There are 2 protein chains.
Amino acid sequence: MTKEAIIDQISDTYAPLSAACKEQLAGHATLLPLHKNTLLVKEGEYADSTYYIVKGCARAYYLREGKDISDWFAFEGEFISSIVSFFTQRPSPHYIELLEDCILLELSRDHIEKVSGQFHDFEHLVRIVVTQTMLRLQEKISSLQFYTARQKYENILAIRPNITQRVALTHIASYLGISLETLSRIRNPRNRI
Amino acid sequence: MTKEAIIDQISDTYAPLSAACKEQLAGHATLLPLHKNTLLVKEGEYADSTYYIVKGCARAYYLREGKDISDWFAFEGEFISSIVSFFTQRPSPHYIELLEDCILLELSRDHIEKVSGQFHDFEHLVRIVVTQTMLRLQEKISSLQFYTARQKYENILAIRPNITQRVALTHIASYLGISLETLSRIRNPRNRI
DNA sequence: CGAAAATTTGATCGAAGTCAATCATTGTGG
DNA sequence: CCACAATGATTGACTTCGATCAAATTTTCG
């Protein structure tokens, strides 16, 4: 898949871009085929890029007191970055790790800002992507505040039915804010009432 | 304070706007002096406006199984709306309530979309506001996932030292995802160790 | 195949929730 | 402008969900 085809896909998914804008974007985007377990960003680093996932999946996670806590998963057609570092230019609190072999399109903040300033349609696209992310975060907050461990798990299954085939249970558990053991018990049909 | 002065303030706070853009914005914005306890939005309604708070403060809350759970507070210089309904055009899961007598500037979605399409600088401003909101939501998620009840409370005090003077403890407790009783115990100095 | 990683299962514990009963503050109608 | 009802906050007793610790079992992969 060429960079141009990927940018067409992004334009089709999120918001239409002019030919001139697509060309500008393609100019400074980098296609990255990378292996599973690659760390795109480490804690403390400055994350100056965001990544569009063409193929594969990735997660953002924290290490807190030795514990690995997943904060975000992204799959084909989505973006992933250390949002705190990318948008505030502070050191990243997150690691970003590939959960499968991936094909990514890397876009630097400088490039995004430049093209945003130049093309109204790209500024619009960025706004759309950020808005969608904001709404997903809002969803996650509702899930953390209202649901029991079991409901949280059923909720994520409703949104991503086959996540268990692609993401380790440890990561799903910490993403849901529950322990691995609790998730395991929830999944055991004997414990259903 | 005139609408024009308020829009200057928004422009100064978030991102610079051209004179022509400010004029367009002022044209369709409405200045609303409203009383404490007014509901701007009720559950189930379509929230077609966002509100810039010139003076006062407000909250978004859910009613779930008879329980009142605060989801968001906004003060002077910030925007408030039922973000889910405003951005997805679905019925609002939230109520929006004024916690003090307020002066608000109301902006409709239609108007925001129209001016965004017309003025690149306003599209940029909207992007900035949404990005800031997204980052605040991310902060809130970290707080819900990592902190004990006491840490969450200390955290919000660090961000908004005088929130307890303006917002009822019930609302703060439900916002933090803890019970009112637990918050009360945390605040009692005898229980500090 | 075997070592390491992932998951399951079991036993125990604790932070915070719930229920219930005051105590304090606020705002309104007489 | 006070009284008292309504709302908000505190305190106490008890319970529970899910965490933690520990060990066994299953899966993955070099």
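Lettering follows sequence order; numbering is per chain, from 1. No experiment lies behind these values; they were computed from the predicted model shown. The figures here come from the full heavy-atom set of this structure, side chains too, leaving out hydrogens, waters and symmetry mates.
A close approach under 4.0 Å does not occur between any side-chain nitrogen or oxygen of B/K67 and OP1 or OP2 of C/dG17. Distances shorter than 4.0 Å separate none of the side-chain N or O atoms of B/S179 from OP1 or OP2 on C/dT18. Distances shown here put a side-chain N or O of B/T170 below 4.0 Å from the OP1 or OP2 atom of D/dA9. Side-chain nitrogen and oxygen atoms of B/T182 include at least one within less than 4.0 Å of the OP1 or OP2 phosphate oxygen of C/dG17.
Looking at heavy-atom distances under 4.0 Å, A/I178 makes contact with sugar-phosphate atoms alone, never a base.
In this structure, B/R59 forms a cation-pi arrangement with B/Y61, its terminal cationic atom sitting closer than 6.0 Å to the ring centre and no more than 45° off the ring axis. A cation-pi geometry, defined here as NZ or CZ lying under 6.0 Å from the six-membered ring centre and within 45° of its normal, holds between B/R64 and A/F146. Annotation: cation-pi geometry not satisfied between B/R90 and B/Y46 (NZ/CZ under 6.0 angstrom from ring centroid, within 45° of ring axis).
Of the possible polar contacts, one joining the A/K140 side chain to the A/D71 backbone as a donor-acceptor pair under 3.5 Å is found.
When the C1' atom of D/dT25 is taken as reference, atom CG of A/N188 falls 13 Å away, rounded to whole Å. Here the C1' atom of nucleotide C/dT26 and the CG atom of B/N37 are 12 Å apart, to the nearest Å. Rounded to an integer number of Å, the gap from B/D68 CG to D/dT7 P is 13 Å. Atom P of nucleotide D/dT15 and atom CD of B/E181 are separated by 16 Å, given to the nearest angstrom. If you measure from atom CG of B/L180 to atom C1' of D/dT10, you get 8 Å, rounded to the nearest angstrom. Spacing between atom CG of B/L176 and atom C1' of C/dA15 amounts to 16 Å, rounded to whole angstrom units. What separates CG of B/L99 from C1' of D/dT7 is a distance of 15 Å, to the nearest Å. Summarising the geometry, the separation between CZ on B/R187 and P on D/dT11 is reported as 11 Å, rounded to the nearest angstrom.
A pairwise comparison of heavy atoms in A/D68 and A/L63 identifies CA-CD2, 3.7 Å as the closest pair.
For C/dG10, the base has a donor-acceptor partner in the side chain of A/R185 [N/O atoms by modelled type, under 3.5 angstrom].
Between D/dG18, C/dT9, C/dG27, one nucleotide has an atom nearer to the side chain of A/A149 than all others, and that is D/dG18.
Ranked by how close their nearest DNA chain C nucleotide is to the 5' end, A/L169 and B/Y147 are led by A/L169.
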